[in-house]
Amino acid sequence: MGAGRPFKYTAEQLKTVFEEYKLFVPTQKFIRKEYNQKLDIVRDIELDKPPTIYQFCLFAGISHQTYLNILNRVSENIDEKLFEVLTCVNEYIREYQVSGAMLNELNPNIVARINGINEQVNVQQTISINALPVTISNNIIDLTDAEFTV
């Protein structure tokens with residue numbers, strides 16, 4: 001999106017496009033082939049496609065980069081209302097995906113990756129070392145004072 005080029009939609013038009021998109025999503029299916037070994041047949045399993053930012057951009061006829069430019073306020077002439085609408089689109093899709101991952105309907109690893117969600121693990125370990133009393137003299141190690149428990 002160039003600095004002087006207007007966006008394809010006004011905020012109100014984009015709201016309408018988003019409402020149409022939400023009606024469109026349930027009509028989108030993915031067909032997965034599944035082999036049934038008992039019956040020795042391959043069946044088509046119809047899966048619902050979840051909403052995604054990429055799918056929304058294709059539906060709206062805008063590039064993903066334009067979408068990101070508006071959300072990240074890259075252009076100097078970002079309309080605040082347009083920014084708000086795209087922020088709501090982004091939050092709606094993210095919420096759907098995260099909820100789907102939490103319910104194990106969507107792959108949690110993929111949802112985390114595409115939404116930039118990281119898991120941080122803080123590991124702290126305390127190690128105690130009982131040192132042997134050592135005397136070093138003339139490159140000879142003296143362990144005579146050491147007590148060993150076997």
Would you call K15-E20 a salt bridge at under 4.0 Å N-O?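 E20 and K15: not salt-bridged.
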Carboxylate-amine/guanidinium proximity below 4.0 Å for E34 and R32: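 R32 and E34: salt-bridged.
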Please report the C-alpha distance between K81 and E84 in whole Å, then the side-chain angles of each, then the deciding distance to 0.1 Å, and finally whether the salt bridge (Lys or Arg N to Asp or Glu O under 4.0 Å) criterion is met. CA-CA 5 Å; K81 291 180 182 177; E84 287 297 321; over 6 Å; no
If you look at every heavy atom in [X] and [Y], which pair is closest and at what distance?
X: K22; Y: P26; result: O-CD, 3.2 Å
X: L106; Y: P50; result: CD2-CG, 3.8 Å
X: Q13; Y: T10; result: OE1-N, 2.8 Å
X: C57; Y: S63; result: SG-O, 4.1 Å
X: A11; Y: V85; result: O-CG2, 3.7 Å
X: F83; Y: L71; result: CE1-O, 3.3 Å

Whether the side chain of [X] engages the backbone of [Y] through a donor-acceptor N/O pair (distance < 3.5 Å, no angle test) should be reported.
X: Y9; Y: V17; value: no
X: T27; Y: L23; value: no
X: N72; Y: L68; value: yes
X: E46; Y: F30; value: no

Please check if the number of heavy atoms outside K29 that lie under 6.0 Å from its NZ is greater than 12.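 For K29, atom NZ is crowded (more than 12 foreign heavy atoms under 6.0 Å).
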Counterpart residues, salt bridge (charged side-chain N to carboxylate O under 4.0 Å, His left out), relative to E91 (two or more places apart):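 Listed in chain order: nothing, the list is empty.
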Identify, with sequence neighbours excluded, every residue that meets salt bridge (charged side-chain N to carboxylate O under 4.0 Å, His left out) alongside K33.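 K33 satisfies salt bridge (charged side-chain N to carboxylate O under 4.0 Å, His left out) with D44 only.
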Is the charged tip of R43 near the ring of Y35: under 6.0 Å from the six-membered ring centre and within 45° of its axis?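 Output no; distance or angle outside limits.
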Take M102 and Q97, measure what side chain to side chain contact (heavy atoms under 4.5 Å, CB included) needs, and give me the verdict at the end. CA-CA 9 Å; M102 290 172 66; Q97 292 172 347; over 6 Å; no
Plane angle bin for Y21 and F24 - parallel if under 30°, tilted between 30 and 60°, otherwise perpendicular: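 Plane angle between 30° and 60°, so tilted.
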So, do [X] and [Y] sit near enough that their side-chain heavy atoms are less than 4.5 Å apart?
X: V111; Y: N107; result: no
X: V25; Y: K49; result: no
X: L14; Y: L86; result: yes

I114 with Y92, same ILVMFWY side-chain cluster at under 4.5 Å: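 Hydrophobic grouping puts I114 apart from Y92.
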Go through the side-chain N and O atoms of Q28 and D48 and say whether any donor and acceptor fall under 3.5 Å apart.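 Distance-only check fails for Q28 and D48.
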Given side chain to side chain contact (heavy atoms under 4.5 Å, CB included), test Y67 with N90 step by step and report yes or no. CA-CA 10 Å; Y67 178 88; N90 197 60; 3.1 Å; yes
Full working for side chain to side chain contact (heavy atoms under 4.5 Å, CB included) between F7 and D79: CA-CA 9 Å; F7 185 61; D79 175 3; over 6 Å; no
Could you state the interatomic distance from CZ (R94) to OG1 (T87), rounded to the nearest 0.5 Å?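 So the gap between those two atoms works out to 12.0 Å.
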Rounded to the nearest 0.5 Å, how far apart are CG of L82 and CD of E12?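 Output value for this atom pair is 11.0 Å.
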